[in-house]
Protein chains: 2
Amino acid sequence: MSVTQTERKLQITDTATTLFRQKGYAATSMRDLASAIGIEAASLYNHVRSKEELLHRICFGMAEAFFKARHQVESLHLAAPVKLRLAIEKHVEVITSHRDASAVFQHEWRHLSEPDLSVFISMRNEYEAYFSEIIRQGVAEGNFRATDEKLAVLSLLSSLNWLYDWYRPDGTLLPHEIAAHQAELFIYGINQTT
Amino acid sequence: MSVTQTERKLQITDTATTLFRQKGYAATSMRDLASAIGIEAASLYNHVRSKEELLHRICFGMAEAFFKARHQVESLHLAAPVKLRLAIEKHVEVITSHRDASAVFQHEWRHLSEPDLSVFISMRNEYEAYFSEIIRQGVAEGNFRATDEKLAVLSLLSSLNWLYDWYRPDGTLLPHEIAAHQAELFIYGINQTT
DNA sequence: TTGGCTAACTAACGATCGTTAGCAAAGATA
DNA sequence: TATCTTTGCTAACGATCGTTAGTTAGCCAA
């Protein structure tokens with residue numbers, strides 16, 4: 001989200017995010033979107049180039065947020081366990097503060113068309129590699145055991161990414177508590193260690 | 001999948017599964033489906049009542065497979081750690097042997113209409129409760145530590161359910177090896193225990 | 001006061017959607 | 001051989017899709 005947007009355009013993007021999450025991108029029509037806002041479908045085109053532009057904005061906006069989080073973590077030089085905890089916390093923060101957008105980010109990106117689609121996928125891979133690197137560092141330090149690294153990373157990210165589905169802002173757990181629980185679970189597992 | 005189906009109907013369901021996974025339910029047209037098979041769209045209706053029937057068949061077929069797995073596990077009376085490993089193994093087996101259907105099951109169920117939708121959701125909750133119960137049992141036995149049980153279950157299931165996305169039948173890991181790794185990771189975590 | 005800009009509207013375009021009607025050919029059954 | 005069932009076809013229905021054209025009302029700067 002680099003350029004300033006008018007209030008109306010923000011409202012359109014926000015409403016689109018909600019609808020895309022609820023019904024899916026393909027099943028949400030521009031008329032649905034317009035009537036949720038209270039204008040006619042054609043009026044949307046005074047603010048937005050196309051339906052896909054909305055999807056693009058949502059998906060790449062989230063990608064940007066994740067990369068910003070990553071940069072904050074990588075600019076510090078920490079031991080792997082601490083770095084992992086921080087990475088998890090930042091990731092959870094992004095997701096819990098943009099729940100609908102996270103759902104769209106996870107599920108609807110494949111409706112992007114080329115070349116955006118390829119760009120999106122490679123950004124996703126790069127972000128995944130960032131978690132892989134933390135695990136690898138931890139193994140090298142002797143803090144983590146050497147398991148299948150790819151499997152571990154995908155398990156972790158799956159757990160975190162599913163948050164959009166069950167996190168409730170009015171629930172008992174705060175985002176940073178969830179992050180701490182997740183980190184604890186991923187690092188120490190569920191077994192009784194006494 | 002209770003009643004016998006003709007070969008053609010099976011082919012339609014299988015092809016629909018692939019397409020729904022690739023493009024999503026809403027974005028897959030009956031004409032897409034027909035031309036992937038090599039017939040006309042109208043001809044599909046000699047075998048299938050509606051597009052939604054296909055989605056219903058896929059979603060509830062998977063639900064049935066998961067419940068069958070659950071029944072196999074629950075009919076044995078095992079200590080929680082062993083039971084959990086078995087439950088994970090069965091779950092992974094279902095997913096890895098029906099990858100496309102798993103993806104559809106995970107993402108497209110919301111396009112079901114009532115009352116099927118409500119039935120589906122409550123089956124899903126019930127299956128989730130089955131994993132919760134295993135964790136609870138393990139805590140009662142003193143084998144698992146008392147964490148947030150819901151969070152633990154959702155983390156585990158998220159990790160397992162994401163499998164459809166990255167599991168490759170021609171990869172290095174066999175399904176039961178993946179299951180073993182997942183169980184190990186969930187129970188003991190990634191920390192170096194020496 | 002005038003002229004241009006913004007943001008809404010109505011109307012409609014061509015495409016595509018899920019689905020139905022009606023028909024023809026082939027195979028099974030009597 | 002005669003009849004019924006199955007499974008495909010062509011044609012088309014009404015609905016809805018994303019989007020464009022053309023217009024209008026209000027607002028702000030000159």
Side-chain angles (χ1 to χ4, degrees), chain A residues 3-60 104 107-117, chain B residues 3-60 104 107-117:
Chain A
V3 297
T4 319
Q5 298 179 67
T6 73
E7 206 172 324
R8 191 55 128 179
K9 183 156 188 180
L10 276 176
Q11 184 193 16
I12 291 172
T13 307
D14 286 355
T15 309
T17 305
T18 305
L19 291 180
F20 290 172
R21 190 249 168 98
Q22 278 172 5
K23 319 180 43 170
Y25 174 74
T28 302
S29 71
M30 293 300 269
R31 286 168 179 86
D32 289 338
L33 176 54
S35 89
I37 292 174
I39 60 177
E40 291 299 315
S43 306
L44 292 170
Y45 290 86
N46 286 317
H47 307 276
V48 157
R49 222 180 311 275
S50 68
K51 186 185 176 186
E52 188 171 333
E53 184 196 322
L54 290 168
L55 180 61
H56 181 282
R57 185 174 299 278
I58 296 166
C59 289
F60 281 82
V104 175
H107 296 315
E108 310 295 343
W109 55 267
R110 58 187 162 160
H111 293 111
L112 291 168
S113 47
E114 297 289 2
D116 295 328
L117 182 59
Chain B
V3 296
T4 318
Q5 299 178 69
T6 72
E7 207 172 323
R8 191 56 129 181
K9 183 157 187 180
L10 277 175
Q11 183 191 18
I12 292 172
T13 307
D14 286 355
T15 309
T17 305
T18 305
L19 290 180
F20 290 172
R21 190 249 167 97
Q22 278 172 4
K23 318 180 43 169
Y25 175 74
T28 302
S29 71
M30 292 300 269
R31 288 168 177 86
D32 289 338
L33 175 55
S35 87
I37 293 174
I39 60 176
E40 291 300 315
S43 305
L44 292 169
Y45 289 86
N46 286 319
H47 307 275
V48 158
R49 222 181 310 276
S50 67
K51 186 185 177 187
E52 188 171 335
E53 184 196 321
L54 290 167
L55 181 62
H56 182 281
R57 183 174 300 278
I58 296 166
C59 289
F60 281 82
V104 175
H107 296 316
E108 310 295 343
W109 56 268
R110 59 186 162 161
H111 293 110
L112 292 168
S113 48
E114 296 290 1
D116 295 328
L117 182 59

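In what follows, chains carry the letters A, B, and so on, assigned in the order in which the sequence lines appear, proteins first and then strands, with residues in each chain numbered from 1.
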field: Pairs meeting criterion side-chain hydrogen bond (donor to acceptor under 3.5 Å, both in side chains) with involvement of residues 25-37 of chain B, two or more places apart
entry: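 side-chain hydrogen bond (donor to acceptor under 3.5 Å, both in side chains) check on residues 25-37 of chain B returns B/K23-B/D32, B/S29-B/D32.
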task: May I have all residue pairs that pass salt bridge (Lys or Arg N to Asp or Glu O under 4.0 Å) and include part of residues 40-49 of chain B, sequence neighbours excluded?
output: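 For residues 40-49 of chain B, and leaving out neighbouring residues, the salt bridge (Lys or Arg N to Asp or Glu O under 4.0 Å) pairs sorted by first residue read B/R49-B/E53.
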message: What residues from residues 20-39 of chain B pass a heavy-atom cutoff of under 4.0 Å to DNA chain D?
response: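 Correct list: B/R31, B/I39.
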message: Reading DNA chain C from 5' to 3', where do the contacts with chain A start and stop? Cut-off is 4.0 Å to heavy atoms.
response: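 Taking any atom under 4.0 Å from a heavy atom of chain A, the span is C/dA7 to C/dA12.
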message: Nearest 0.5 Å, please: how far is CG in B/N46 from CD1 in B/I12?
response: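 Here the rounded value is 8.5 Å.
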- prompt: How long is the gap from NE2 on A/H111 to CG on A/L55, to the nearest 0.5 Å?
  reply: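 A/H111 NE2 to A/L55 CG: 8.5 Å, rounded to 0.5 Å.
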query: Which atom names give the shortest non-hydrogen contact between A/I58 and A/A16, and what distance separates them?
result: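 For A/I58 and A/A16, the tightest heavy-atom pair comes out as CD1-C, 4.4 Å.
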- request: Return the minimal non-hydrogen interatomic distance between A/F20 and B/R110, and the atom names on each side.
  value: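 Minimum heavy-atom contact is O-NH1, 4.1 Å.
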task: Measure the shortest side-chain to side-chain distance between B/E114 and B/L117 over non-hydrogen atoms and say whether it is less than 4.5 angstrom.
output: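 Yes, at least one pair of side-chain atoms sits under 4.5 Å.
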query: So do the side chains of B/V104 and B/W109 get within less than 4.5 Å of each other, counting heavy atoms only?
result: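 A side-chain contact is absent here, since even the closest heavy-atom pair is not under 4.5 Å.
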Protein-nucleotides 24-27 of chain D N/O pairs under 3.5 Å:
none

query: Can you list, by residue number, the residues of residues 40-50 of chain B that have a non-hydrogen atom closer than 4.0 angstrom to DNA chain C?
result: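 Of all residues in residues 40-50 of chain B, the ones placing a heavy atom under 4.0 Å from DNA chain C are B/A42, B/Y45, B/S50.
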Partner residues of A/T15 under the side chain to side chain contact (heavy atoms under 4.5 Å, CB included) criterion, sequence neighbours left out: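 Only A/Q11, A/L19, A/L33, A/A36, A/I37 meet the side chain to side chain contact (heavy atoms under 4.5 Å, CB included) criterion with A/T15.
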message: Restricting to side chain to side chain contact (heavy atoms under 4.5 Å, CB included), what partner residues turn up for B/A42, sequence neighbours left out?
response: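 Side chain to side chain contact (heavy atoms under 4.5 Å, CB included) check on B/A42 returns nothing, list empty.
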field: N/O donor-acceptor pair under 3.5 Å between A/E52 side chain and A/L112 backbone
entry: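 Checked: no pair found.
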query: Got a donor-acceptor contact below 3.5 angstrom from the B/T13 side chain to the B/K9 backbone?
result: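 Judged by distance alone, yes, a pair lies under 3.5 Å.
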message: What's the angle between the local helix axes at either end of the helix from C/dT1-D/dA30 to C/dA30-D/dT1, using five pairs per end and rounding to 10 degrees?
response: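 It works out to 0° between the end axes.
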message: Can you list everything that forms a side chain to side chain donor-acceptor pair (under 3.5 Å) with B/H47? Sequence neighbours excluded, please.
response: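 With neighbours one apart ignored, the set is empty.
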query: Does A/H107 have any side chain to side chain donor-acceptor pair (under 3.5 Å) partners at least two apart in sequence or in another chain, and if so, which?
result: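 In terms of side chain to side chain donor-acceptor pair (under 3.5 Å), with neighbours along the sequence ignored, A/H107 is linked to A/Y164, B/H107.
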message: Taking salt bridge (charged side-chain N to carboxylate O under 4.0 Å, His left out) as the definition, give me every residue that meets it alongside B/R8, ordered by chain and number, with sequence neighbours left out.
response: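 B/R8 satisfies salt bridge (charged side-chain N to carboxylate O under 4.0 Å, His left out) with no other residue.
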